[in-house]
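Right, one structure below, let's go through it.
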2 protein chains.
Amino acid sequence: MAVNLHIPSQSDIHPVAGIEIGTAQAGIRKAGRKDLTVFRLAEGTSVAGVFTTNRFRAAPVQVCERHLAAGQGIRALVVNTGNANAGTGEPGMLAARQTCDALATLLGIRPEQVLPFSTGVILEPLPVDRITAALPAAVGDLQPGNWFDAAYGIMTTDTQPKIASQRITLGEHTVTITGISKGAGMIRPNMATMLGFLATDAGIAPGLLETLTREIAGRSFNRITVDGDTSTNDSFIIMASGASGVHVQNRDDPHFATLAQALGEAALELAQKIVRDAEGATKFITVQVDEAASSQEALKVAYAIAHSPLVKTAFYASDPNLGRILCAVGYAGIADLDVSGMRMWLGDTLVASNGGRDPGYTEEDGQRIMKESEITVRIALGRGSVSETVYTCDFSHEYVSINADYRS
Amino acid sequence: MAVNLHIPSQSDIHPVAGIEIGTAQAGIRKAGRKDLTVFRLAEGTSVAGVFTTNRFRAAPVQVCERHLAAGQGIRALVVNTGNANAGTGEPGMLAARQTCDALATLLGIRPEQVLPFSTGVILEPLPVDRITAALPAAVGDLQPGNWFDAAYGIMTTDTQPKIASQRITLGEHTVTITGISKGAGMIRPNMATMLGFLATDAGIAPGLLETLTREIAGRSFNRITVDGDTSTNDSFIIMASGASGVHVQNRDDPHFATLAQALGEAALELAQKIVRDAEGATKFITVQVDEAASSQEALKVAYAIAHSPLVKTAFYASDPNLGRILCAVGYAGIADLDVSGMRMWLGDTLVASNGGRDPGYTEEDGQRIMKESEITVRIALGRGSVSETVYTCDFSHEYVSINADYRS
């Protein structure tokens with residue numbers, strides 16, 4: 001079902017020097033699939049992360065935040081699918097710590113140097129014994145070329161692996177950026193997405209990486225929504241090993257802008273791939289709001305449109321029932337919005353102006369555009385000069401089927 | 001598909017002295033159905049209304065507000081279905097005024113004494129000629145016993161008419177309360193619902209009626225949601241003719257409390273009937289949030305649960321995937337929520353406590369309750385003593401079908 005989701009060939013996935021990956025079958029929820037992934041990071045790799053704002057933060061998210069704050073130097077990540085270890089109280093915290101302990105022992109590092117991640121069903125105990133039993137196999141599998149296995153290894157209801165990889169030249173050095181993400185439902189990240197891991201062999205000073213990770217999340221994973229549900233486990237991590245020989249210390253570094261842009265593009269590609277593979281999605285929708293007085297009000301309008309079940313089912317049906325979009329703009333929460341100053345475009349076609357249907361708009365134009373698989377809705381609010389863009393998908397029978405069946 | 005929606009028999013619908021109703025076929029969108037309804041109100045009837053907060057307020061909503069503010073004494077209502085006359089700019093305002101002019105001429109009253117209402121598709125011109133052509137037939141049909149015809153006459157995607165009627169005794173007088181409502185999708189009223197009309201032959205002083213209408217809307221139509229979409233046309237009206245001989249001037253009147261409670265019950269019944277007949281609904285869900293620090297935070301939590309597509313599809317599947325509810329509580333926007341102090345019940349069964357699954361909860365209990373057609377989710381936040389209750393429904397394949405097909 002995925003909408004124009006490009007899966008690169010194995011030869012286009014560039015390993016990142018300083019980062020090794022191993023996967024294993026732990027049988028956490030279902031047998032016979034790789035559901036456990038380990039990353040080993042070279043000494044000196046700087047790591048930063050942003051995490052969900054959901055108050056039911058999963059146990060692994062809480063452990064990640066503590067271990068990042070401990071400043072011991074992160075040397076490994078461990079990711080399980082099949083169980084979110086969220087809504088699991090103190091036993092869940094213990095299970096996350098046991099996972100870190102076991103991996104630390106195997107790798108000869110300290111538990112505070114391990115970041116744990118979980119994704120899957122909420123409110124069920126994590127079968128930590130199965131994870132610790134499978135960790136030796138995952139560690140035995142560690143090698144730089146395993147990115148594809150990892151992209152498969154972290155999937156839940158995803159139908160496709162999500163992976164982005166590119167090489168850029170910085171002065172005399174070639175720098176690699178490769179990352180993976182997962183997520184298809186419970187997607188309206190608010191700090192980061194379900195799981196996103198981005199690695200580079202450029203070195204980035206820890207404080208700078210932390211700020212940069214927030215900025216990049218704000219323009220990528222924090223601008224997508226499938227169903228408006230902010231998950232308990234959202235985590236987005238950037239790892240910078242420095243193995244390429246490039247080291248960026250601050251924003252004045254001549255390589256900073258190019259590197260930051262390339263990392264941002266990779267994050268946006270991974271975030272958009274989550275929308276392209278969203279549960280039941282048949283269309284990829286870009287909602288762009290221009291001429292807002294503030295970023296906050298632009299986002300209010302964009303999310304009101306992107307979350308409206310009526311708008312999303314109209315896209316699914318390829319029905320230019322565009323009054324539903326107008327309605328969503330109206331209830332987005334801008335109390336003093338003057339609707340007569342607003343304009344709306346579908347693709348390049350002006351649909352609404354002066355508080356009503358534009359005289360030049362024809363139903364035929366609307367129908368033609370609604371049949372496409374990639375559609376842009378653009379709203380100009382006529383209130384200022386701020387723009388924001390949000391990415392979402394349509395709402396289909398398949399979404400209901402997937403979410404009525406999941407877990408059963 | 002409606003969930004336990006009681007349709008009273010004709011003999012249980014009590015006409016309201018001072019209120020006459022007539023319907024007609026205007027062919028506004030489809031031929032062969034009654035799509036035009038007129039109410040004539042006896043002189044001296046006090047009328048109050050609350051309307052949508054959507055910034056794309058439909059033309060008839062804007063005209064209603066002006067005519068109520070004009071204080072000329074409202075003598076008639078005119079309701080069309082098939083077209084919302086919203087997102088129609090200045091031509092839409094003209095069409096609403098033409099409708100009022102035509103009815104005023106027929107009834108020998110002033111246009112400012114008419115309130116117009118429209119419901120149906122947004123962003124399409126209102127065929128006002130068809131309405132004015134059919135008005136004489138509706139006026140010719142005026143009589144007190146036509147409430148059922150009106151309940152059918154205002155339907156759009158509704159599958160059932162929504163009507164509530166009761167008689168109460170106030171001292172030596174018998175007072176009648178009868179009302180109708182419509183709506184099945186684009187339902188998350190924010191002042192009132194799509195359309196609700198409640199009439200009594202008690203007299204209520206205009207200022208008091210205005211306050212009372214707001215209070216009643218706040219506990220009934222403003223506490224339901226189907227899909228989170230606040231319509232452009234939401235309108236809720238209370239008419240008090242005084243023909244019973246009872247006249248309530250202020251809150252100290254001995255009859256005030258009984259009358260206000262009876263009106264509130266009728267409004268809640270009409271509001272709940274909209275949820276019971278919601279597009280595709282198979283279950284009626286009550287979300288009760290207790291122990292909140294404020295009404296605002298209780299409602300944030302209740303609506304986060306009631307709007308989550310993941311929660312709603314789990315109800316549809318009768319799957320006790322209750323981690324989704326916990327997740328919604330977590331992202332509801334209470335920044336300092338301590339999840340360890342929260343408890344969650346499904347029906348009478350305690351599901352979650354201390355930040356995780358309660359030790360006494362069993363999957364069997366969850367499955368048993370999820371199979372029922374009326375389910376209560378109760379959350380105790382452990383932060384205060386404020387409670388709020390919101391009514392909603394599940395999210396089914398049928399919802400997608402209805403909204404992917406509507407208009408086509």
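Computed from a predicted model, the values in this text were never measured in an experiment. Letters A, B, ... mirror the listed sequences (proteins, then strands); counts begin at 1.
- Considering every non-hydrogen atom in both A/Val400 and B/His397, the closest pair reads CG1-N, 3.6 Å.
- Considering only heavy atoms from C-beta on, A/Cys327 stays 4.5 Å or farther from B/Asp229 through its side chain.
- Shown here for A/Ala404 and B/Ala317, the closest heavy-atom pair between the two residues is O-CB, 3.0 Å.
- Smallest separation of non-hydrogen atoms from A/Phe56 and B/Gly355: CE2-O, 4.1 Å.
- The candidate from A/Gly323, A/Ala332, A/Gly330 with the greatest count of non-hydrogen atom pairs under 4.5 Å with chain B is A/Gly330.
- For chain B, the nearby part of A/Ala335 is the backbone; its heavy atoms alone come within less than 4.5 Å.
- With chain A as the partner, the residue from B/Asp227, B/Leu326, B/Val351 showing the most heavy-atom pairs under 4.5 Å is B/Leu326.
- Here the options are A/Thr313, A/Asn321, A/Asp319, the test is side chain to side chain contact (heavy atoms under 4.5 Å, CB included), and the partner is B/Asn403; only A/Thr313 passes.
- Proximity to chain B (any heavy atom under 4.5 Å) is shown, for A/Phe395, by both the backbone and the side chain.
- Residues meeting the salt bridge (Lys or Arg N to Asp or Glu O under 4.0 Å) test with A/Arg383, sequence neighbours left out: A/Glu297, A/Asp336.
- Residues from residues 83-93 of chain A that place a non-hydrogen atom less than 4.5 Å from a non-hydrogen atom of chain B comprise A/Gly87, A/Thr88, A/Gly89, given in numerical order.
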